Structure formats: structure tokens, C-alpha cells
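Since we're looking at a predicted model, the values are computed, not measured. So that the names make sense, note that chain A is the first sequence line, chain B the second, and so on, each numbered from 1.
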Protein chains: 2
Amino acid sequence: MIPKQQVEKRVADSLEICRRQGVKATHQRTEILRELAGSEEHPDAETILTRVRQRVPTISVDTIYRTLRLLEDSGVIARVGSMRDRARFDANTDRHHHFVCTECEMIGDFYSDAMDQFPVPQEVSEMGSVEGVYVELRGICRKCKQKAMKTEGRTGEKP
Amino acid sequence: MIPKQQVEKRVADSLEICRRQGVKATHQRTEILRELAGSEEHPDAETILTRVRQRVPTISVDTIYRTLRLLEDSGVIARVGSMRDRARFDANTDRHHHFVCTECEMIGDFYSDAMDQFPVPQEVSEMGSVEGVYVELRGICRKCKQKAMKTEGRTGEKP
DNA sequence: TCCTAAATAGTAATTATTACGAATGGAGTT
DNA sequence: AACTCCATTCGTAATAATTACTATTTAGGA
Ligand SMILES: [Mn+2]
Ligand SMILES: [Mn+2]
Ligand SMILES: [Zn+2]
Ligand SMILES: [Zn+2]
């Protein structure tokens, strides 16, 4: 659980960045940001819609998707997750990376100075200018591994 | 341009791996693999469909998507690209990473021992077991930067 | 308060991907 | 060769995710 105070700071900071870019701070945008900033699970668009609707019952799908794109373009949220699944979102703008479980799609944060300070290979500098890095470690999470253990034993042969 | 010999080796190797998993080496699968192995541009499903159709005119969308999923699950091709765009595919199974232009979606390969040998943070080991890494450097490619230069000057004010 | 461009709601449309059911094909068998 | 069996494919329909449209509302500045 993220402390309320911290959530509100993140929301305020994000809106301030938006305002500086001439983007209005509407009720809907605020609530979408608040929802994201208060979550550690990197929710998808539909989940955000469902949750924000509890507070803003008339909010539309268009607004959700349009706002998520806007906030992403403004640099206050990020789009994460691998291509096999739907897009997931993240309001944590601290430099960090993700571990993704390929079984249940759980997404967890991790921090790594070594990875952040990674030198861009010359090979890449010749292709263009690098402006961002996306790192994703993929595997099986604790929970899914345990589930696999339990299911074991009753696999394979027929009676 | 990738030498034909090299393309054929990759196709043969991939099919061999599939066969070992009990997956038949059909005409369609062979052609899809050949198309991917011969390309350096990481094409999307539609592009692959169009190109393979020139050689196998009756091939269906279902076969394209089904086969791409199958080959990915078999580990002989990879899905690349960022969430904002459609899925792109890669038959290059050598350990490597990608630079993606956020303007034109060009995807280029790069190699980095340092990145490959990156130690998994303990933070992550506690979340689960890591089985793969996906690294993507994002920015603006040479071509797009030049285009932006040319367009400059005629921006901003009205007459 | 009043004004106006920007933003939203509700819905339709588009795009990418997956599913379905009938037909095909190839490996093994007689 | 004819027959069987089951995986695979084709053609098309369906689904899921995302984006677009337009009448109406609203934020924020004068
Ligand atoms: Mn995160
Ligand atoms: Mn590649
Ligand atoms: Zn899991
Ligand atoms: Zn480019």
C-alpha cells in the first residue's frame, strides 16, 4: 500500500508537468492519475476504467484511452508489459525496471543502478540518438511456481 | 542483405528444433520461417502475410498468426517492439537487443556482452525465476532526425 | 461573470488478433 | 493403391483492444 500523502504528491507533480505543457488539469485526468499513482500492480486500461468509474461514474472508454496516451506523451506515466498481452500502465516515474511473470502477467518493479548507467554501444549511437531504455526481465513468479508444484504428480500417463 | 546460404541454415536449424518438439515441418511454416530469416527489418504479421503470399498464394491470416505463435512458443523466433505499435517478429536467435525509432518504428539490432552478462538483482530473484531478458533502447533514428531538420524553419508562426 | 478553445460522454468504427468448421494432406497400414 | 488418422490449413466469422466522431460540457483566462 502506497501512503496517501505520497500518492497525492505524485499526482500534483504530474499535473504540474502537464500544465506547463498547456494541458488542462481536469477532474477525469486527476482521477486517472490518482488511480495509477495509488497502485503498484501496473493496471491495464480496462481495470483503470472500472476503478475510476466508482468515483466518476460517467467516465468513458474514450477518455480513459485518450488520457493514458496523453499522459504517456507528457512523460508522467509509462506503458509497460510484453507484446503478448494488453498494455499496462505505470505512474512511477522513478528510474526503474520490471519483472514480468509470463504465466500470470504479474509485473513487479526493480531498481538497478548498474542497468541505468549502462553505456550506449557505439553500434547504437550510429543508428540514432537514444532517449529511453526499456528493460524487462521475464520468468515465472513465486506464486505460479508453487501452483505448478501442487499440480505436479497428476500429469502424464493415463490409467 | 542476408546471404541465402545463411538464411537456409537458419531455416533448417529452426525446423529441426521444431521437429524435435513434435511439430511438423509444413510448406507454410517453412516459407514463413524463410521470409523472417531473410529479413533484417523485423516485419509485422501483415507484412509477412503479404510477402509469403507471393510464393504461397492461398496462405491464410489464421495460418500466419497461428504459425508465428507456434514458432515463438518453440523458441525459434521472437516477438519484438513496443506496446504502442503492432507486434513485430525476429528469426535471429543470436543473443541480441534492439534499438527502436519512436518516430518511424524502425527496429535495428545491436549486440552487447555487458548487457547479456548482466547479473540479476536479488530483488528480482525474490520475485521469481528469470528466464529471459528483453532490452529495448528507444530514440530517434538518423533518417528521422534528418527529416526533422529539413522540416525545420517552416514551423511556428503564421504569415 | 462571460467567453472560447479544449475536453468529455456515448457510441460507432477500426485494427489486430484469435476462433471455428469444413476440407486437405501426408505418414503409417493393409 | 486404397484406407485411416490426426494434424494442419483455408476462408471466414468473431472477439478484443484501441481509436474516432460529434454533440455537449467545462476549465481557466479576460
Ligand atoms: Mn513500475
Ligand atoms: Mn533482431
Ligand atoms: Zn505468476
Ligand atoms: Zn525513424
- Query: If you measure only the distance, is there a donor-acceptor pair under 3.5 Å linking the side chains of B:D109 and B:H42?
  - Reply: yes

- Task: For A:K24, report the nucleic acid contact type (base, sugar-phosphate, nothing); a contact means any heavy atom under 4.0 Å.
- Result: base

- Message: I want to check one thing: is the phosphate of D:dA27, taken as OP1 and OP2, less than 4.0 Å away from some side-chain N or O of A:R19?
- Response: no

- Protein-nucleotide distance (B:I64, atom CD1; C:dT15, atom P), rounded to Å: 20 Å

- Roughly, in whole Å, what's the span from CD in A:E72 to C1' in D:dT19? 15 Å

- Query: Side-chain N or O of A:R86 less than 4.0 angstrom from OP1 or OP2 on D:dA16?
  - Reply: no

- A:R66 has an atom CZ; how far is it from atom P of D:dC21, in whole Å? 13 Å

- Message: From CD1 of A:I59 over to P of D:dT24, roughly how many Å is that when rounded to an integer?
- Response: 21 Å

- Consider only side-chain heavy atoms of I, L, V, M, F, W and Y, link residues closer than 4.5 Å, and tell whether A:I107 and A:L137 are in one cluster. no

- Task: Hey, which sits more toward the 5' end of DNA chain D by its nearest nucleotide, B:P57 or B:R84?
- Result: B:P57

- Task: Specify the separation, in whole Å, of atom OH of A:Y65 and atom P of C:dA12.
- Result: 18 Å

- Quick one: is D:dT18 close enough that its OP1 or OP2 comes under 4.0 Å of any side-chain N or O from A:R69? no

- Message: Would you say A:Q28 places a side-chain N or O within less than 4.0 Å of OP1 or OP2 belonging to C:dA9?
- Response: yes

- Looking at C:dA7, C:dT17, D:dT18, which one has an atom nearest to any side-chain atom of B:A87? C:dT17

- Message: Using the rule that Ile, Leu, Val, Met, Phe, Trp and Tyr join whenever any side-chain heavy atoms are under 4.5 Å apart, tell me whether B:V100 and A:M115 fall into a single cluster.
- Response: no

- Atom-pair distance (CG on B:L68; C1' on C:dT18), nearest Å: 13 Å

- Say whether A:T63 and A:R66, considering side chains only, have a donor N or O and an acceptor N or O under 3.5 Å apart. yes

- Rounded to whole angstrom units, what separation is found between the CD atom of A:E46 and the C1' atom of D:dT15? 13 Å

- Separation of B:M83 atom CE from D:dA17 atom P, in whole Å? 11 Å

- Message: Please confirm whether the shortest side-chain N or O distance from A:T63 to OP1 or OP2 of C:dA9 is below 4.0 Å.
- Response: yes

- Item | 5' priority, DNA chain D, between A:A25 and A:D62 [closest heavy atom] | A:D62

- Message: It should be established whether A:T58 places a side-chain nitrogen or oxygen under 4.0 Å from OP1 or OP2 of nucleotide C:dT8.
- Response: no

- Task: Could you check whether the rings of A:F110 and A:H97 sit parallel, tilted or perpendicular, using 30° and 60° as the cut-offs?
- Result: tilted

